[in-house]
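A note on names: the letters A, B, ... follow the listed sequences, proteins ahead of strands, and every chain is numbered from 1.
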Amino acid sequence: MKPTFALVDCNNFYASCERLFRPDLTDTPIVVLSNNDGCIIARSQEVKDLGVKMGSPLFKVKGEIKRHVILVFSSNYTLYGDISSRVMQTLEQFSPYVEVYSIDEAFLDLSGIGALEEYGQKIRSTVIRHVGVPVCVGIGPTKTLAKLANYAAKKFKGTRGVVDLTDAQRQMKLMKITPVGEVWGVGRKLTQKLESQGITTAFKLAKMNPHQVRQSYSVVLERTVCELNGESCLELDEVGSKRQQIVCSRSFGEKLTCYSDLKEVVCEFGARAAAKLRGEEQLARMVTVFIRTSPFDKSGPNYANAATGSLVQPSSDTRQILELAVRMFDSIWCEGYRYAKAGIMLGEFCSPYDVQLDLFADQTDSQRNDSLMTAVDALNCKGQGKVWFGGQRPKKDWYIRQANVSPAYTTRWSCLPVVK
DNA sequence: TCTGGGGTCCTAGGACCC
DNA sequence: TCTGGGGTCCTAGGACCC
């Protein structure tokens, strides 16, 4: 049986989340900012129509914000995460196979289902009724075509938010009017290169010879070409597939210059990363620490460095990870810079069930360590910062700017909206 | 004054081996 | 005069995604 994929994507997701408990903002233009209130990472439709670009640094668009009376929100990931899981839960009733692709979109396997457009409309109306977030649905024989269908569903109002692209004629019709840069997997660099070769639309890309594409570009683009022609190369990746890397990093609200400050921040990130790792039920072998000044900071010299180390035994024990992280940090720390960002990466994962045990280690010790970590996680499960390790600095006095953050409406009792 | 964070995959080139 | 060839593994960096 030929596969059928749907891509369900929330419209202006973060902005829609902010509106969910503020019905008074239905027609107000709003933007949501990145961590530290740095860049614009989400815009409501009105703001998109005004031409405010995604990713613009806030200070560069201050004028437009003021002129058009755009309401500004700091990001509230607690809220977005909770709304996201409600959307995903709702989607599960429409397909036995759901791949949560990002916080605001999911692929569904709709193979064998008829009357697809109607089905798509049913998905839309159900999500808006159950969660209150508007979504668009794109349907196609490959993931890339489902993505393309979703693009059309968002762009053309006449589609009422659902496009079924299983028909080859419709595929061609749409691809002829779609700029090549809108194709999933074609980014800025590739767009430039393709356009310089005269490949300006999705249709022209689809008509290229896959073998030549592989030679002049890459196997990735070759796959894209095949997918545009209805040949499914990318499978549905179901929930449960493990991550290969965990990163925890932040820019600081204020530059840090002192060794102990930065070390505490690195430990804080390390502890958070280790907790995430335990949540995944994995062990890590590799730990990388990086620190850097701001590339935009012209007031002094720039410095960026990273160091990677390996644990003797794969572990998810915060203490072992922090011990190595501090060693890595010490090896790259340099006095005299104004640091803007730091982070930690964990990698080379393995399952706790197939670790090679240390011949000389006392196994009762490792069991006790596991219990300790489980206890710490349980104590910290409702938000961070109840229990922490020496070296961490959980009080956040390295300060992240968050001037306009909305309440945690759905995850904190004290923030529950009240109906009068 | 002020420029996000977290992922994946592929490739080229060097080291090393026989 | 004349200096192999082929394979694997690892890493850094680039491109992409949201």
Side-chain angles (χ1 to χ4, degrees), chain A residues 7-10 12-14 31-42 53-63 65 72-77 80-81 84 99-107 143-144 147 150-151 180-194 213-224 233-234 237 241-255 269 272-273 276-277 280 285-286 288 290 292-299 302 304-308 310 338 340-349 399-403:
Chain A
L7 177 68
V8 182
D9 191 317
C10 302
N12 317 319
F13 182 58
Y14 295 170
V31 295
V32 179
L33 303 178
S34 63
N35 262 323
N36 234 352
D37 290 351
C39 297
I40 290 175
I41 55 167
K53 292 258 158 49
M54 174 80 168
S56 315
L58 178 62
F59 73 95
K60 282 192 181 170
V61 291
K62 272 270 161 75
I65 302 267
V72 174
F73 285 93
S74 304
S75 39
N76 182 347
Y77 288 106
Y80 312 150
S84 171
E99 173 188 344
V100 177
Y101 180 68
S102 75
I103 194 162
D104 76 328
E105 60 190 301
F107 285 103
K143 282 178 147 184
T144 305
K147 268 272 187 189
N150 194 284
Y151 159 78
V180 72
E182 297 293 342
V183 175
W184 192 37
V186 179
R188 226 181 49 240
K189 288 279 165 106
L190 269 175
T191 304
Q192 243 181 25
K193 192 170 168 191
L194 285 165
V213 170
R214 187 186 195 130
Q215 277 169 6
S216 332
Y217 296 86
S218 69
V219 289
V220 184
L221 195 64
E222 181 195 23
R223 242 179 346 232
T224 301
C233 308
L234 303 166
D237 195 2
S241 63
K242 300 279 185 184
R243 284 193 284 185
Q244 301 180 36
Q245 188 182 62
I246 287 172
V247 179
C248 195
S249 73
R250 285 294 177 279
S251 301
F252 315 135
E254 288 164 5
K255 305 282 185 287
F269 293 159
R272 288 191 202 179
K276 274 195 215 171
L277 182 64
E280 293 267 308
R285 191 188 301 272
M286 189 208 77
T288 298
F290 68 88
R292 62 158 229 224
T293 57
S294 165
F296 304 102
D297 189 353
K298 300 286 176 265
S299 70
N302 274 312
N305 208 346
T308 300
S310 282
R338 303 174 65 232
K341 184 175 180 175
I344 189 161
M345 284 181 263
L346 305 180
E348 284 179 26
F349 295 160
Y399 185 59
I400 284 186
R401 251 191 311 279
Q402 271 199 320

Examine distances only and state if a side-chain atom of [X] and a backbone atom of [Y] form a donor-acceptor pair shorter than 3.5 Å.
{"X": "N36(A)", "Y": "F252(A)", "result": "yes"}
{"X": "K189(A)", "Y": "V186(A)", "result": "no"}
{"X": "K276(A)", "Y": "V247(A)", "result": "yes"}
{"X": "S74(A)", "Y": "A403(A)", "result": "yes"}
{"X": "D9(A)", "Y": "N150(A)", "result": "no"}
{"X": "Q402(A)", "Y": "S75(A)", "result": "yes"}

Using a 4.0 Å heavy-atom cut-off across all strands, classify [X] as base, sugar-phosphate, or nothing.
{"X": "R223(A)", "answer": "sugar-phosphate"}
{"X": "K62(A)", "answer": "nothing"}
{"X": "L33(A)", "answer": "nothing"}
{"X": "K193(A)", "answer": "nothing"}

Short side-chain N/O contact from [X] to OP1 or OP2 of [N], under 4.0 Å:
{"X": "S251(A)", "N": "dG5(B)", "answer": "yes"}
{"X": "Q245(A)", "N": "dC9(B)", "answer": "no"}
{"X": "S249(A)", "N": "dG6(B)", "answer": "yes"}

Output one letter per nucleotide in nucleotides 12-18 of chain C: B when a protein non-hydrogen atom lies under 4.0 Å from the base, S when only the sugar-phosphate is that close, - when neither is.
---SSSS
Can you give me the dot-bracket string for DNA chain B, 5' to 3', counting Watson-Crick and G-U wobble pairs with both distances under 3.5 Å, using [ ] for crossing pairs and | for partners on another strand?
....||||||||||||||
Looking at residues at least two apart in the chain, or sitting in another chain, which of them share a side-chain contact (heavy atoms from CB on, under 4.5 Å) with S34(A)?
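Per chain and number, S34(A) pairs via side-chain contact (heavy atoms from CB on, under 4.5 Å) with C39(A), I41(A).
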[N] [atom2] sits how many Å from [X] [atom1], rounded?
{"X": "R285(A)", "N": "dC10(C)", "atom1": "CZ", "atom2": "C1'", "answer": "15 Å"}
{"X": "D237(A)", "N": "dC9(B)", "atom1": "CG", "atom2": "P", "answer": "8 Å"}
{"X": "L346(A)", "N": "dG6(B)", "atom1": "CG", "atom2": "P", "answer": "12 Å"}
{"X": "N35(A)", "N": "dG7(B)", "atom1": "CG", "atom2": "P", "answer": "13 Å"}
{"X": "R272(A)", "N": "dG6(B)", "atom1": "CZ", "atom2": "P", "answer": "9 Å"}
{"X": "L234(A)", "N": "dT8(B)", "atom1": "CG", "atom2": "P", "answer": "16 Å"}
{"X": "M286(A)", "N": "dT11(C)", "atom1": "CE", "atom2": "C1'", "answer": "11 Å"}
{"X": "K53(A)", "N": "dG4(B)", "atom1": "NZ", "atom2": "P", "answer": "18 Å"}

Can F59(A) be said to stack with the base of dT1(B), given centres closer than 5.5 angstrom and planes under 30 degrees apart?
no
Nearest to the side chain of R243(A), heavy atoms from C-beta on, is which of dC10(B), dT3(B), dG7(B)?
dG7(B)
Return yes when atom CZ of R243(A) has more than 12 non-hydrogen atoms of other residues, nucleotides or ligands closer than 6.0 Å, and no otherwise.
yes
Do other residues, nucleotides or ligands put more than 12 heavy atoms under 6.0 Å from the NZ atom of K53(A)?
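It does not: K53(A) NZ has 12 such atoms or fewer within range.
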Let me spell it out: for each of V219(A) and M54(A), pick the nucleotide of DNA chain B with the closest heavy atom. Which residue's pick is nearer the 5' end?
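Looking at the nearest nucleotide for each, M54(A) comes out on the 5' side.
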Comparing I246(A) and R214(A) on DNA chain B - which has the more 5′ nearest nucleotide:
I246(A)
So, is the end of the K242(A) side chain (NZ or CZ) under 6.0 Å from the ring centre of F349(A) and within 45° of the ring's axis?
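No - K242(A) does not lie over the ring of F349(A) by the 6.0 Å and 45° rule.
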